[in-house]
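In what follows, a structure is listed as structure tokens, so that the remarks can point back to it.
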Amino acid sequence: MLTKEELSKITKQAIGTLHYTYTVGKVSSQNSFAIRLYDAISEELVANSFIYEGDKPGCFTVDFVPERSNKTDREVLREINSQLYEYFDEQLEPKYYIKLLNTDYGYLAKVEGTDTWSVTSLKIAKMSNQKVTFTAGEINEIAQSDLCDNLNPMDLWHAAEAVEEVEED
């Protein structure tokens, strides 16, 4: 699910070294955000962008409302759009749990925003903001990291279980 922080990261990366500033905010409807893009020098509003995330993974709508006609502005908007597609494409990749122990408390988890790892239950991980689902690319990165120095990379894949998509209420 898209967050204000993730959208800020996407926007900042799209702007790069160009002279723009931005604000990101939640819109009143559920799963909706707005980006207001400004010219950093004149402080003029360049564009409003509205992002609506769908109920299913990978589904989203973006509406750009340019306030002026400028080639660089459009390049930044295209880059934001491209970054959003990449973000939502990742949502469609198959995800896996890595079950290291044969108990309910045996799942590998990463504390979001840190380099801290733990082995815990899925329920505890969800309540404490820990990531327990990983894409194939992430599993390969983990297998090559210091965390798995004493493991054969295939051992991690043997411990991987496909995540069954379930509807949340």
| task | Start with the C-alpha gap between Glu67 and Asp73, add the side-chain angles, then the distance that decides, and say whether side-chain contact (heavy atoms from CB on, under 4.5 Å) holds. | result | CA-CA 10 Å; Glu67 297 293 328; Asp73 296 348; over 6 Å; no
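- Under 3.5 Å, the side chains of Ser118 and Gln130 contain a donor-acceptor pair of N or O atoms.
- Atom CD of Glu86 and atom CG of Asn81 lie 11.0 Å apart (nearest 0.5 Å).
- Placement of Val132 and Val111 in two distinct hydrophobic clusters is found when ILVMFWY residues are connected by side-chain heavy-atom separations under 4.5 Å, directly or transitively.
- Rounded to the nearest 0.5 angstrom, Leu147 CG and Glu141 CD are separated by 12.5 Å.
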| task | Before giving the answer on side-chain contact (heavy atoms from CB on, under 4.5 Å), spell out for Leu37 and Ser49 the whole-Å C-alpha distance, their side-chain angles and the decisive distance to 0.1 Å. | result | CA-CA 8 Å; Leu37 190 64; Ser49 304; 6.0 Å; no
| Verdict with reasoning, Lys123 to Asp104, per salt bridge (Lys or Arg N to Asp or Glu O under 4.0 Å) | CA-CA 9 Å; Lys123 186 175 183 179; Asp104 288 345; over 6 Å; no
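- Under the 4.5 Å side-chain contact rule for hydrophobic residues, Val62 and Val46 share a cluster.
- In this structure, OG1 on Thr3 lies 9.5 Å from CD on Glu53, to the nearest 0.5 angstrom.
- Listed here is the closest heavy atom pair of Ala109 and Ala125: CB-CB, 4.4 Å.
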| request: With side-chain contact (heavy atoms from CB on, under 4.5 Å) as the test, would you mind laying out the steps for Trp157 and Ile98 before giving the verdict? | output: CA-CA 8 Å; Trp157 276 106; Ile98 300 173; over 6 Å; no
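- In the hydrophobic cluster analysis, where Ile, Leu, Val, Met, Phe, Trp and Tyr join through side-chain heavy atoms closer than 4.5 angstrom, Tyr105 is grouped apart from Leu100.
- Taken from CG in Leu122 to NZ in Lys99, the straight-line distance is 8.0 Å, to the nearest 0.5 Å.
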| message | The test is side-chain contact (heavy atoms from CB on, under 4.5 Å); show your working for Ile10 and Leu84 and say whether it passes. | response | CA-CA 7 Å; Ile10 287 169; Leu84 284 167; 4.0 Å; yes
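- Ring orientation note: the planes of Phe60 and Tyr85 are nearly perpendicular, at an angle over 60° on the 30°/60° scale.
- Side-chain N or O atoms of Tyr22 include one that pairs as donor or acceptor with a backbone N or O of Ser8 at under 3.5 Å.
- In this structure, Gln13 CD and Gln83 CD are separated by 4.0 Å, a value rounded to the nearest 0.5 Å.
- Placement of Leu77 and Val27 in two distinct hydrophobic clusters is found when ILVMFWY residues are connected by side-chain heavy-atom separations under 4.5 Å, directly or transitively.
- Surrounding CG of Asp89 are more than 12 heavy atoms belonging to other residues, nucleotides or ligands, all under 6.0 Å away.
- In this structure, the side chain of Ser82 does not engage the main chain of Glu79 through any donor-acceptor pair within 3.5 Å.
- Hydrophobic clustering places Leu101 together with Ile142 (ILVMFWY residues linked when any side-chain heavy atoms are closer than 4.5 Å, directly or through intermediates).
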| field | Stepwise ring pair (Phe, Tyr, Trp, His ring centres under 6.0 Å) check, Tyr96 with Phe134 | value | CA-CA 5 Å; Tyr96 302 90; Phe134 304 95; 9.8 Å; no
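- For the atom pair CD1 (Ile15) and CD1 (Ile80), the distance works out to 6.0 Å, reported to the nearest 0.5 Å.
- Side-chain atoms of Tyr107 do not come within 3.5 Å of backbone N or O of Thr133 as any donor-acceptor pair.
- Here the closest heavy-atom approach between residue Asp39 and residue Ser42 is recorded as OD1-N, 3.1 Å.
- Outside the 6.0 Å centre-distance limit, the rings of Phe33 and Tyr52 are not counted as a close aromatic pair.
- Here the side chain of Glu138 pairs a donor or acceptor atom with the backbone of Thr135 at under 3.5 angstrom.
- Other residues, nucleotides and ligands place no more than 12 heavy atoms under 6.0 Å from the NZ atom of Lys12.
- A donor-acceptor pair is defined here as one N or O able to donate and one able to accept, closer than 3.5 Å; such a pair exists between the side chain of Thr11 and the backbone of Leu7.
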